[in-house]
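Have a look at the structure below before the remarks.
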Amino acid sequence: MSEHVEWSDTEAPAPSATAAVTPADAADAARLVAYGVQPKLQPARDQDYTELLRRYREDPAFARLADAVATGLGLIVLEVSPRAGMAVTAAEDSVFAVRMGDYARRTTADSGDRFLHGLAHLAVAALAFPRPEDLADDGYIGRVTVNGVDAFVRQACRRLEERAEEQGENTDPATDAPGLEAAWRIWARRSATGATKDARRPASSTTGIVAKALAFLTDSGFLQRTGDEGGGTYRTTARYQLQVRDMAGTAAMAELIELGVVPVTDGTASLLPAEDTDDLELVADAGLPFHS
């Protein structure tokens, strides 16, 4: 009996946290994070992705390893689940971060329009999830249209202009002023559709800006296009809901919600009369999912 004890003490090494992590484990964790930065990839359609998600949920050590890999890449893990996959968002210093300036430069030569693009993304988020309970409900699906988002922003512009007039402020569009506070003034003066010789929607029109925002969100796996009505109709995904939750507390998001122009509807973007609310300062470059 004593010989067995001595043999066990000699041959069986003590558990080691370092020894528990193998190169194969690290590769699996990195592969899971790699799936996470492919937002259009659906776990249900990839057996390996599904298995790695199961391992993440059932193996705490593997979950910590995957989280560490994500952190090292400047990613923030929002949720890991069968519905959303490994949903991550980029921290400001991450190589995966999308800069609002870079996004705007791909769509227009006018650097001032970056604020309009930020406002468009902010409006999509506010219109898709108008109530806190919508964000909290994993089963909630928001629906927006290009024309509906533009109408919503224009209603917000009218409400903000009324405030400015009541307070005796200058309501002329200050094109060189920073932040989204200037953007609503410029948006109100910008043509909704514009005109081109071949009947295309100009990228500089407000509906063109909204369409670009919705197309970007679709390419990023945040929205799914469902039809052509209203200039293009879209539905939200679980990943987008998580992204909006992550930025729902920003002052700019609160500003649009508090204006009272977002109705509780089925997402078809009808508008309600605005009610008086307290002023909140708009934040520059606050459009989801960009960093300034």
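From a predicted model like this one, the values you see are computed outputs, not experimental measurements.
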*Under a single-linkage definition using a 4.5 Å side-chain heavy-atom cutoff for Ile, Leu, Val, Met, Phe, Trp and Tyr, are Leu122 and Leu242 assigned to the same hydrophobic cluster?*
no
*Does the side chain of Thr207 come under 3.5 Å of the side chain of Asp150 through a donor N or O and an acceptor N or O?*
no
_side chain to side chain donor-acceptor pair (under 3.5 Å) for Thr233 and Thr145? Distances and angles first, verdict last._
CA-CA 4 Å; Thr233 60; Thr145 68; over 6 Å; no
*Which heavy atom in Asp137 sits nearest to a heavy atom in Gln241, and how many Å separate them?*
O-NE2, 2.7 Å
_Is it the case that atom CD in Glu58 sees more than 12 heavy atoms from other parts of the structure closer than 6.0 Å?_
yes
*Under 4.0 Å between a Lys/Arg side-chain N and an Asp/Glu carboxylate O for Asp219 and Lys40?*
yes
*With Asp67 via side chain to side chain contact (heavy atoms under 4.5 Å, CB included) - residues at least two apart*: Tyr56, Val77, Met86
*Could Arg245 and Asp138 be called an ion pair, given the rule that one side-chain N must be under 4.0 Å from one carboxylate O?*
yes
*So, for Ile209 and Ala120, which heavy atoms are closest and what is the spacing to 0.1 Å?*
CG2-CB, 3.9 Å
*Going by heavy atoms in the side chains, are Phe216 and His121 under 4.5 Å from each other?*
yes
*State, without any angle test, whether Arg239 and Ser220 hold a side-chain donor-acceptor pair at a distance under 3.5 Å.*
no
*Are the side chains of Leu116 and Thr206 in touch, meaning some heavy atoms are under 4.5 Å apart?*
no
*Please test Ile76 against Val88 for side-chain contact (heavy atoms from CB on, under 4.5 Å), starting from the C-alpha separation and ending with a verdict.*
CA-CA 5 Å; Ile76 300 169; Val88 296; over 6 Å; no
*Taking a hydrophobic cluster as the set of Ile, Leu, Val, Met, Phe, Trp and Tyr residues connected by side-chain heavy atoms closer than 4.5 Å, whether directly or through intermediates, do Leu78 and Leu52 fall within one such cluster?*
no
*Any chance you could lay out the salt bridge (charged side-chain N to carboxylate O under 4.0 Å, His left out) test for Asp48 and Arg31, step after step, and finish with the verdict?*
CA-CA 9 Å; Asp48 183 54; Arg31 195 163 71 254; 2.8 Å; yes
*Worked check of side-chain contact (heavy atoms from CB on, under 4.5 Å) between Val244 and Phe222*: CA-CA 10 Å; Val244 177; Phe222 295 129; over 6 Å; no
*Under 4.5 Å between any side-chain heavy atoms of Tyr140 and Leu135, yes or no?*
no
*Check Leu65 against Ala29 and note the closest heavy-atom contact, atom names and distance.*
CG-CB, 3.8 Å
*Determine the minimum heavy-atom distance between Gly231 and Arg225, stating which atoms define it.*
O-NH2, 4.4 Å
*Side chains of Thr226 and Tyr234: closer than 4.5 Å at any heavy-atom pair?*
no
*Heavy-atom side-chain contact between Thr237 and Leu223 under 4.5 Å*: no
*asked:* Side chains of Asn147 and Phe152, heavy atoms from C-beta outward: is any pair under 4.5 Å?
replied: no
*Do Arg55 and Phe62 meet the cation-pi criteria used here (NZ or CZ under 6.0 Å from the six-membered ring centre, within 45° of the axis)?*
yes
*Should Val80 and Val37 be counted in the same cluster of Ile, Leu, Val, Met, Phe, Trp and Tyr side chains packed under 4.5 Å apart?*
yes
*asked:* Under a plain distance cut-off of 3.5 Å, with no hydrogens placed, do Gln224 and Thr218 share a side-chain donor-acceptor pair?
replied: no
*Between Val33 and Ala66, what is the shortest heavy-atom contact and its length?*
CG2-O, 3.6 Å
*Provide the closest heavy-atom pair for Ser81 versus Leu53 in the form atom of the first, atom of the second, distance.*
O-CD1, 3.9 Å
*In Å and rounded to the nearest 0.5 Å, what is the SG to CZ distance from Cys157 to Arg190?*
11.5 Å
_Whether Tyr35 side chain and Pro43 backbone form a donor-acceptor pair below 3.5 Å_ = no
*For the atom pair CZ (Arg143) and CG (Leu127), what is the distance rounded to the nearest 0.5 Å?*
13.0 Å
